[in-house]
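Residue numbering restarts at 1 for every chain, and letters A, B, ... go by the order of the sequence lines. Heavy-atom basis, side chains included; hydrogens, waters and symmetry copies ignored.
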2 protein chains.
Amino acid sequence: MKLTPQRLEIFQELLSHKDHPSAELIFKNLRKRLPTISLDTVYRTLATFDELGIIKRLNVSNARTLFDTNLDQHHHFICTRCKKVEDVYWPDFDKSNLPKSISTLGSIQTRHLELHGICNQCLNKENNM
Amino acid sequence: MKLTPQRLEIFQELLSHKDHPSAELIFKNLRKRLPTISLDTVYRTLATFDELGIIKRLNVSNARTLFDTNLDQHHHFICTRCKKVEDVYWPDFDKSNLPKSISTLGSIQTRHLELHGICNQCLNKENNM
DNA sequence: TTATGTGCAAAGACTTTGCTCCTCA
DNA sequence: TGAGGAGCAAAGTCTTTGCACATAA
C-alpha cells in the first residue's frame, strides 16, 4: 500500500478521535489543513482501513456509518436522545459461554452488544428544565 | 389511524414473515395482489407501524433497513457470508445485571446483542466443495 | 365532510464508481 | 517507470417528501 499524504492525514485525524467520527466529519476536519482532499478519497481510504482492520465500520440505528478506532473488544451504549455513542467494556460477558441453543447455530466469531437508553448528560438537561 | 386496504395488506404480509423482510421485499410481494401499491406507501406504513411499536426497525451491518415482527426480547445472529439474520434467545443474559461501570452511564433501556459468524448452512456448503 | 392516506414523481442523504491525471516506491 | 491512488463528476442505492387526488370514518 502506498503511503500518500492523504492517507497519513486521514490516519492522524482518526487517531485524534476517541469517539466515532463519520466520513463527513473526517473530511471536514481534514479540509482545513488539506484543502484539496475530496470526500470520496476519505470514503475510499476509510474502506481500505476497514479492510486492513485498522478501523471498524459501525452501524448504529438509522444514522450514517461511523468509524471506530478502538480495536479492543468492547460494546456500545447509544443515547437515544443525543445519539452519542459511548464505548463500554464488559469482559465478564465477553468471556462467558453462549448457550447451546445459540452456539450450535454456526461458527460464531464476534459478539457485539448495543445498549440503548438516555445518557447522564441528557438526563441532567431534562431535570434542569 | 385509518384502516386502509394497503395497511391491512402490509400488516398481513408482515405476519407471513418469520424472518426479517425489507421494505422492498414487502413491496414486491404485495404487488402481486395489490398491483397499484407504491413503494413509498410501504415505507410510510412501515414507519408508522414502527412508531406504533407493531414492528421494529433493524439495522444490521451495512445492509438496507430490515423490519422485525418478533417483539419478544431477543437478539440476532448474522451470517457474514449469506447475510441471513436469525433470531436468538438468551433469557439468562437478558436477566443479568449490567456491571456498574455500564449501568452508571445513564438510564439504559434496552440491550441488543449482535452475533456475527458463519451459519451452519454456509459451513456445510464450504465442506462439500 | 374532513382529516388522513395514497400514488406519483421528484428530491434527498449518503456512498460508490468511472475515468483521467498524478505520484509514490 | 508502472501500479496504485487522488480528484472530479456523475451515478447509485435506499429512503423520504411535496403535492393533488382519493378515501375511511
message: Could you tell me if B:Asp19 and B:His17 have a donor-acceptor pair between their side chains, going purely by distance under 3.5 Å?
response: yes

query: Between B:Asp87 and B:His20, do the side chains contain an N or O donor and an N or O acceptor separated by less than 3.5 Å?
result: yes

task: Tell me, please, the opening and closing nucleotides of DNA chain C, 5' to 3', among those with an atom under 4.0 angstrom from a non-hydrogen atom of chain B.
output: C:dA3 to C:dA9

- prompt: A:Pro5 or B:Ala23: which one's nearest nucleotide on DNA chain D is closer to the 5' end?
  reply: A:Pro5

- request: Identify, between A:Met1 and B:Leu3, the residue whose nearest nucleotide on DNA chain D lies closer to the 5' end.
  value: A:Met1

- request: Whole angstrom is fine here: how far is it from CZ in B:Arg64 over to C1' in D:dT16?
  value: 15 Å

task: Whole angstrom is fine here: how far is it from CG in B:Leu58 over to P in D:dT15?
output: 12 Å

statement: Separation of D:dA6 atom P from A:Leu46 atom CG, nearest Å, is 11 Å

- line: Smallest heavy-atom separation, A:Phe77 atom then B:Ile108 atom, equals CE1-CG1, 3.7 Å

- prompt: For A:Glu13, which residues count as a salt bridge (charged side-chain N to carboxylate O under 4.0 Å, His left out) partner, sequence neighbours excluded?
  reply: A:Arg33

query: Just by modelled atom types, is the A:Ile37 backbone N or O under 3.5 Å from a matching donor or acceptor in the A:Thr41 side chain?
result: no

query: OP1 or OP2 of D:dA6 less than 4.0 angstrom from a side-chain nitrogen or oxygen of A:Thr4, does that happen here?
result: yes

Could you write out each protein N or O paired with an N or O of nucleotides 8-10 of chain D at a distance under 3.5 Å?
| unit_1 | atom_1 | unit_2 | atom_2 | d |
| --- | --- | --- | --- | --- |
| D:dC8 | N4 | A:Asp40 | OD2 | 2.8 |
| D:dC8 | N4 | A:Arg44 | NH2 | 3.2 |

- line: So the side-chain hydrogen bond (donor to acceptor under 3.5 Å, both in side chains) pairs with at least one residue in residues 97-109 of chain A (sequence neighbours excluded) are none

Summary of ring-ring contact (aromatic ring centres under 6.0 Å, His included) pairs that have at least one residue in residues 91-112 of chain A, sequence neighbours excluded: A:His75-A:Phe93, A:His76-A:His112, A:Trp90-A:Phe93, A:Phe93-B:Trp90, A:Phe93-B:Phe93

query: With sequence neighbours left out, what residues match A:Phe67 under side chain to side chain contact (heavy atoms under 4.5 Å, CB included)?
result: A:Ala23, A:Leu46, A:Ile55, A:Arg57, A:Thr65

task: Would you mind reading off the distance between B:Asp50 atom CG and D:dT15 atom P, rounded to a whole angstrom?
output: 13 Å

field: Side-chain donor/acceptor of A:Lys56 to backbone N/O of A:Gly53, under 3.5 Å
entry: no

message: Whole angstroms only, please: what is the CG-C1' distance between B:Leu39 and D:dC14?
response: 9 Å

task: Kindly say whether, by distance alone, the side chain of A:Lys2 makes a donor-acceptor pair under 3.5 Å with the base of D:dG5?
output: no

query: Quick one: is B:Tyr43 getting a side-chain N or O under 4.0 Å of the D:dT15 phosphate, OP1 or OP2?
result: yes

field: Value in whole Å for how far the C1' atom of D:dT23 lies from CZ of B:Arg7
entry: 12 Å

- prompt: Atom CG of B:Asn59 and atom C1' of D:dT13: how far apart are they, to the nearest Å?
  reply: 15 Å

query: Rounded to the nearest Å, what distance is computed from the CD1 atom of residue B:Ile26 to the C1' atom of nucleotide D:dT15?
result: 16 Å

